[in-house]
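Below is one structure; the comments refer to it alone.
Letters A, B, ... are given to chains in the order of the sequence lines, protein chains preceding strands, and every chain is numbered from 1.
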Protein chains: 2
Amino acid sequence: MTTSGVASKARFSAQARLRALQADIMDLILERELEAGDPLPTENELALALGVGRNTLRESLKVLQALGVVEIRHGFGMFVAPSNFDALADGMTFRGRLSLRHKGDEALELVDVRQALESGLIGSAMDKMTAGQLAAVEESVTRMEELAAAGEPFVEADAEFHRRLFEPLNNALLISLLAVFWKVYRQIHLEVGTGAENLSESAAVHRRIYEAVAGGDKALAAERLNHHFDGIRHRIYEVIEK
Amino acid sequence: MTTSGVASKARFSAQARLRALQADIMDLILERELEAGDPLPTENELALALGVGRNTLRESLKVLQALGVVEIRHGFGMFVAPSNFDALADGMTFRGRLSLRHKGDEALELVDVRQALESGLIGSAMDKMTAGQLAAVEESVTRMEELAAAGEPFVEADAEFHRRLFEPLNNALLISLLAVFWKVYRQIHLEVGTGAENLSESAAVHRRIYEAVAGGDKALAAERLNHHFDGIRHRIYEVIEK
DNA sequence: CAAACAATATTGGATGTCCCACCTTCTGTT
DNA sequence: AACAGAAGGTGGGACATCCAATATTGTTTG
């Protein structure tokens with residue numbers, strides 16, 4: 001048997017049973033020593049093995065898919081998935097939008113966490129940054145400046161700048177988390193109106209961050225990153241106060 | 001109509017359709033100006049409103065439940081939920097266990113992120129910490145020391161110590177993230193054996209962190225936190241090398 | 001009149017079945 | 001040998017049916 005408690009008639013709360021089923025599936029993956037990319041049993045086989053109906057199993061599988069544990073390919077099969085935080089981003093975005101209607105607490109919390117991560121890790125990132133990676137960062141800055149001069153928004157280049165800044169750390173989890181925060185911030189930004197006024201100033205802020213990084217001054221880079229986040233925080237405040 | 005694209009016959013990938021359905025539900029919540037705790041329509045009403053079958057709707061609802069967007073109470077109804085990151089913790093725990101079987105990259109990444117968060121935010125937390133909160137931190141340390149003297153492990157007190165350290169920031173997102181990281185670390189720890197050897201030394205490390213915090217020396221506190229994480233990282237290395 | 005209890009309505013939980021859509025693979029024709 | 005189409009297997013989805021949990025309502029009883 002793959003696990004415990006499945007056949008028990010004890011009446012856990014429904015939520016607990018769903019969680020248990022998810023855990024059973026994950027245990028099954030671990031017990032069978034499946035790796036990322038390996039195929040899982042079919043839905044019918046799994047439902048039989050775990051002693052639940054197919055629809056019930058599917059509910060758990062969809063949750064695991066959302067959590068990035070399994071990858072489901074229609075007409076082909078189910079597989080152990082590589083990490084995927086997209087659904088998490090959706091959930092957080094919803095939270096952020098919900099909170100923005102009031103005091104925006106959660107949106108500000110998110111900025112605080114992002115600030116702690118970026119300011120706290122910029123030093124290590126600079127240690128490991130190669131010349132090529134540094135050049136990539138500058139390329140992003142240049143693109144932001146060009147777009148700003150043309151009066152175009154540059155969300156994509158902005159995101160790329162921050163991503164490239166921390167690529168040297170080779171930390172997929174960090175990159176994912178920052179991507180999540182970015183996605184949430186972007187969605188909130190779209191929601192509440194553009195704030196497209198200070199394009200060139202925003203580009204200049206990023207230029208200054210780049211210069212500090214290029215100059216190897218960790219403290220200055222961290223400080224300028226902090227300043228950048230103060231600006232973001234200010235924009236959120238403006239939206240809330242309105 | 002609450003949203004777009006539901007009735008479209010265009011064949012998106014199945015995954016995209018599921019995501020769209022989740023987004024539809026969230027949009028519905030936002031459009032109706034529902035607050036946390038407010039009730040959602042019943043499953044049948046929702047299925048009808050969104051033009052999908054009840055099972056399909058349920059799959060999306062379970063995902064949203066896992067993401068902490070909705071709360072489902074058997075026999076009572078569904079409600080807009082307060083934040084809940086439990087399922088995220090499960091997913092990350094799975095990832096960590098999966099990766100530990102190989103090089104443990106993801107486990108190490110997780111420690112790095114946690115270190116950045118704690119070291120980066122300890123200063124702000126100290127600024128806002130009240131005398132009562134400081135006393136609570138020391139109480140956790142004392143309990144760890146007592147348990148260490150008795151030869152008992154103290155995972156709970158350890159978690160409490162870190163949680164209390166950052167309570168002053170009033171950042172629910174941060175607390176949740178740290179809780180997730182803690183849960184993952186704890187599960188991994190259980191998985192690979194106890195490492196119960198250095199109990200008193202571990203307690204002493206926490207005592208030194210507390211002393212730095214109590215003394216108001218932010219740099220020292222950050223440094224000692226970093227040292228603490230170096231120890232954790234070392235333990236993970238031991239497990240992998242074996 | 002009030003408190004305790006029981007019946008009931010409403011809600012989500014779970015399953016089985018049927019059919020559709022998609023992907024891969026095999027196979028047969030050109 | 002190469003391409004096209006058929007076949008088999010997989011997940012996707014919708015119902016219908018029944019089970020289980022909860023709150024409410026109504027009744028009984030002190």
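- Not counting sequence neighbours, the partners of B/Glu59 by the salt bridge (charged side-chain N to carboxylate O under 4.0 Å, His left out) test are A/Arg58, A/Lys62.
- In this structure, B/Leu57 atom CG and D/dG12 atom P are separated by 16 Å, rounded to whole Å.
- Across every non-hydrogen atom of B/Ala157 and B/Met144, the tightest pair is CB-CG, 3.5 Å.
- Within the structure, the salt bridge (Lys or Arg N to Asp or Glu O under 4.0 Å) test picks out the following pairs touching residues 170-184 of chain A (sequence neighbours left out): A/Asp90-A/Lys183.
- Atom CZ of A/Arg17 and atom P of D/dA20 are 9 Å apart (whole Å).
- Rounded to an integer number of Å, the gap from NZ of B/Lys62 to C1' of C/dG12 is 8 Å.
- We find that CZ of A/Phe79 is positioned 9 Å from P of C/dT24, with the value rounded to whole Å.
- Per the geometry, CG belonging to B/Leu48 stands 18 Å off P belonging to D/dG13, to the nearest Å.
- Residue B/Arg58 contributes atom CZ, which lies 16 Å from atom P of D/dC19 at whole-angstrom precision.
- Comparing C/dT15, C/dG13, D/dA14 by their nearest atom to the side chain of B/Ile72 picks out C/dG13.
- For the pair A/Arg73 and A/Asn55, both in contact range of DNA chain C, the more 5′-proximal nearest nucleotide belongs to A/Asn55.
- For A/Glu35, the side chain to side chain donor-acceptor pair (under 3.5 Å) partners two or more places apart in sequence, or in a different chain, are B/Arg101, B/His102.
- Between B/Gln65 atom CD and C/dT11 atom P the separation is 18 Å, expressed in whole Å.
- The pair B/Arg233-B/Asp112 meets the salt-bridge criterion, with a side-chain N (NZ, NE, NH1 or NH2) lying under 4.0 Å from an Asp/Glu carboxylate O.
- Atom pair B/Leu61:CG and C/dG13:P shows a separation of 9 Å (rounding to whole Å applied).
- With sequence neighbours excluded, no residue forms a side chain to side chain donor-acceptor pair (under 3.5 Å) with B/Gln22.
- When each of D/dG12, C/dA14, D/dA14 is scored by its nearest atom to the side-chain atoms of A/Glu43, the top-ranked nucleotide is D/dG12.
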Using a cutoff of under 3.5 Å, can you pull out all pairs of nitrogen or oxygen atoms linking the protein to nucleotides 6-9 of chain D, with atom names and distances?
| unit_1 | atom_1 | unit_2 | atom_2 | d |
| --- | --- | --- | --- | --- |
| D/dG9 | N2 | A/Gly75 | O | 2.9 |

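- Within the structure, ring pair (Phe, Tyr, Trp, His ring centres under 6.0 Å) contacts touching residues 164-183 of chain B (residues at least two apart or in different chains) are B/Trp182-B/Tyr185.
- For D/dG12, its base sits under 3.5 Å from the side chain of A/Arg54 at one donor and acceptor pair at least.
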